Amino acid sequence: MNFKSFLLVVCFTTLGFSQQKEITLWPDGVPGSIQNDAYEESVTYDVLEVVRGVSKVSQPTLTPFLADSSIANGTAVIICPGGGYTHLAINKEGCKVAKWLNTLGISAFVLKYRMPTDETMTDKTVGPLQDAQEAMRMVRKNAKRYNIDASKIGILGFSAGGHLASTLSTHFNDKVYEHDASISARPDFSVLVYPVISMKDGVTHAGSKRNLLGENPSEERINQYSNALQIHNTTPPTFLVHATDDTVVPVENSLEYYNTLKQYDVPAELHIYENGGHGFGLGVSGTNANWPNDLKQWFLAHDLVKKDEVYLFSYFVGNGEDGLHFAYSEDGYKWESLRNGASYLTPEVGKDKLMRDPCIIKGGDGKYHMVWTVSWTDKGIGYASSDDLVKWSTQQFIPVMGKMEGTRNTWAPEITYDDATGVYMIYWASTIEGKFPETKSKKENGYNHRMYYTTTKDFKTFTDTKLLYEPGFNVIDSSIYTWEDKFIMFLKDETVEPEQKNIKMAFSDNLEGPYSQASNPISGDYWAEGPTAIRIEGKWIVYFDKYKNHAYGAVASSDLKNWEDISDQVSFPEGLRHGTVIKVPRSMLKNLK
């Protein structure tokens, strides 16, 4: 390796994550190449001696920037830097972009493609396309090795690199060299940033056209590489970026490509910024600096990156004696236990030192607050807080029913935070002997619950305990959520005679009530308890413990009126008992793992 090549590798090594050295794209020889020892690759540097660009490329390479395994999502992107087909802006439109993609969990591969020239190629026009096709086939062939999904490999190009990316997107089936026909060169998606699209005068970038097609190309050749004319219904979904004031590559290039994609019903999104000129890379200033975030949203919409948040389920197992457990989900349907089901917090307070029914919310102070059932027969609950769900404050016992004579139990506490008032309401189910005799049954030890509550702003001082909900039946396991200007209570009708044991709803204009009459059951013909709810993609999903079936179930609704049982669509770790579901940042999931 000569000194300049060494510095190029240093550039990649410095800027990327978990990347490897350059991979020779054509180890058995470049197709259609002409040996020319005088044509030597050249590297330019910025004032800090960091590689800026590469020119006179005749030996193409591919450099992997692999996403960290803890956030990798299986998506990969091959990056084609721009440079008018004379050089490659390898740093700004290559290494830096790869580094940014890695933060999204996307593995990137920077393509150092050949500069089209008659000095080293028998047909310079197809040279870059050969490199792009082979790069796509190489990455797809080695998908397992790189821990990527072979069906989620895209192409991203800037300027002339955008022309190459759009060429691959429209000419992926062109037979430009001998290859393994079983491996497709079609990108699964394209990202084109201020791309050269047309080779027609008045729209094209004259330098890119001349360097690729020569001084006097035929009309046929011009049309062939005016890629908007080559779009078909198998052209991949495309995200385009351009600035109105681009005087180097006119915005009409992106407009032509976008309009033709529309004609063929190919999914496409176009972002045109008022200013930015040409060559703004990941964004310089003004609105053009937003395009990476716009692209991230497009990736999310096309299931190419994972959401910044994941769903976390706090739960207990057995009798709750070993403490707090977590499961997580990317979609709210498939749930996996964390740390192989190990406990994150051992219970230390209460008569029986249990940690049943753990309820966790994120409060207005940014902390996570948790309450839980400490005993079958105690008059209080457990409380702790945490910044990261790993390290917890000293556990407290809060005697919420301490002044209530005849209290038999304090079960399934939950917390709801009211943004408008800055107040936390803690609520739970208790049986007080002699209360509500009209609904008392001799079965199930004569328990006859109602919902009680207290409020606090600091978890140090608490208001006097009050009755929260008296629906005219034995009620337990309430869970309250805000929606628009209402509060929704999901609750369990605990009536045993005549048997109910199902989930219902009630509504209120205020957190502390009064709450409406309970609705008809939203759960099915099975015993259900411990409801916890969350909105996912416009739907309410209510999870609950089908405790007689020793399984977890769920129902879903878009309007809180019509409910669909989706129990057959959800899966939970074996032995999971009810708790609560919340959203947490993906970075927190990494720490929990």
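Numbers here are sequence positions counted from 1. Small disclaimer: the values here were computed from a predicted structure and weren't measured.
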Checklist entry - How far does NZ of Lys152 sit from CD1 of Ile148, to the nearest 0.5 angstrom? => result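 One gets 12.0 Å once the value is rounded to the nearest 0.5 Å.
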Checklist entry - Roughly how far, to the nearest 0.5 Å, is the OH atom of Tyr452 from the OH atom of Tyr469? => result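 Between Tyr469 OH and Tyr452 OH, I get 14.5 Å after rounding to 0.5 Å.
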For residues [X] and [Y], determine if any side-chain heavy atom of one lies less than 4.5 Å from a side-chain heavy atom of the other.
X      : Y      : value
Phe65  : Ile79  : no
Val475 : Arg450 : yes
Val241 : Asp294 : no
Trp428 : Met401 : yes

Where does the angle between the aromatic ring planes of [X] and [Y] fall among parallel (under 30°), tilted (30 to 60°) and perpendicular (over 60°)?
X      : Y      : answer
Phe239 : Trp298 : tilted
Phe313 : Trp335 : perpendicular
Tyr424 : Phe459 : tilted
Tyr547 : Trp527 : tilted

Out of [options], which residue meets the side chain to side chain contact (heavy atoms under 4.5 Å, CB included) rule with [X]?
X      : options                : answer
Phe299 : Asn73, Thr75, Ile106   : Ile106
Thr455 : Thr461, Asp418, Val423 : Val423
Ile480 : Ile488, Leu511, Leu491 : Leu511

Checklist entry - Any idea which heavy atoms bring Thr495 and Pro498 closest together, and the distance? => result CG2-O, 3.2 Å
Item to check | For the student: nearest non-hydrogen atoms of Asn102 and Ile71, plus distance | outcome: O-CD1, 3.4 Å
Item to check | Pair Thr532-Tyr481, side chain to side chain donor-acceptor pair (under 3.5 Å): steps then yes or no | outcome: CA-CA 9 Å; Thr532 183; Tyr481 303 85; 3.3 Å; yes
Below 3.5 Å, can you tabulate the donor-acceptor pairs from side chains in residues 566-574 to any protein atom, sequence neighbours excluded?
| from | atom 1 | to | atom 2 | distance (Å) |
| --- | --- | --- | --- | --- |
| Ser567 | OG | Lys546 | NZ | 3.3 |
| Ser567 | OG | Ala554 | N | 3.2 |
| Ser567 | OG | Asp565 | OD1 | 2.7 |

Item to check | Working for side chain to side chain donor-acceptor pair (under 3.5 Å), residues Trp376 and Asn319 | outcome: CA-CA 10 Å; Trp376 290 97; Asn319 193 32; 3.3 Å; yes
Checklist entry - Side chains of Thr373 and Asp357: do they bring a donor and an acceptor to under 3.5 Å? => result yes
Next on the checklist: Among residues at least two apart in sequence or on other chains, which ones pass side chain to side chain contact (heavy atoms under 4.5 Å, CB included) with Pro267?
Outcome noted: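 Pro267 satisfies side chain to side chain contact (heavy atoms under 4.5 Å, CB included) with Pro237, His302 only.
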Checklist entry - According to the salt bridge (charged side-chain N to carboxylate O under 4.0 Å, His left out) rule, which pairs have a member within residues 325-336, sequence neighbours left out? => result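 Residue pairs with at least one partner in residues 325-336: Lys306-Glu330, Glu330-Arg586.
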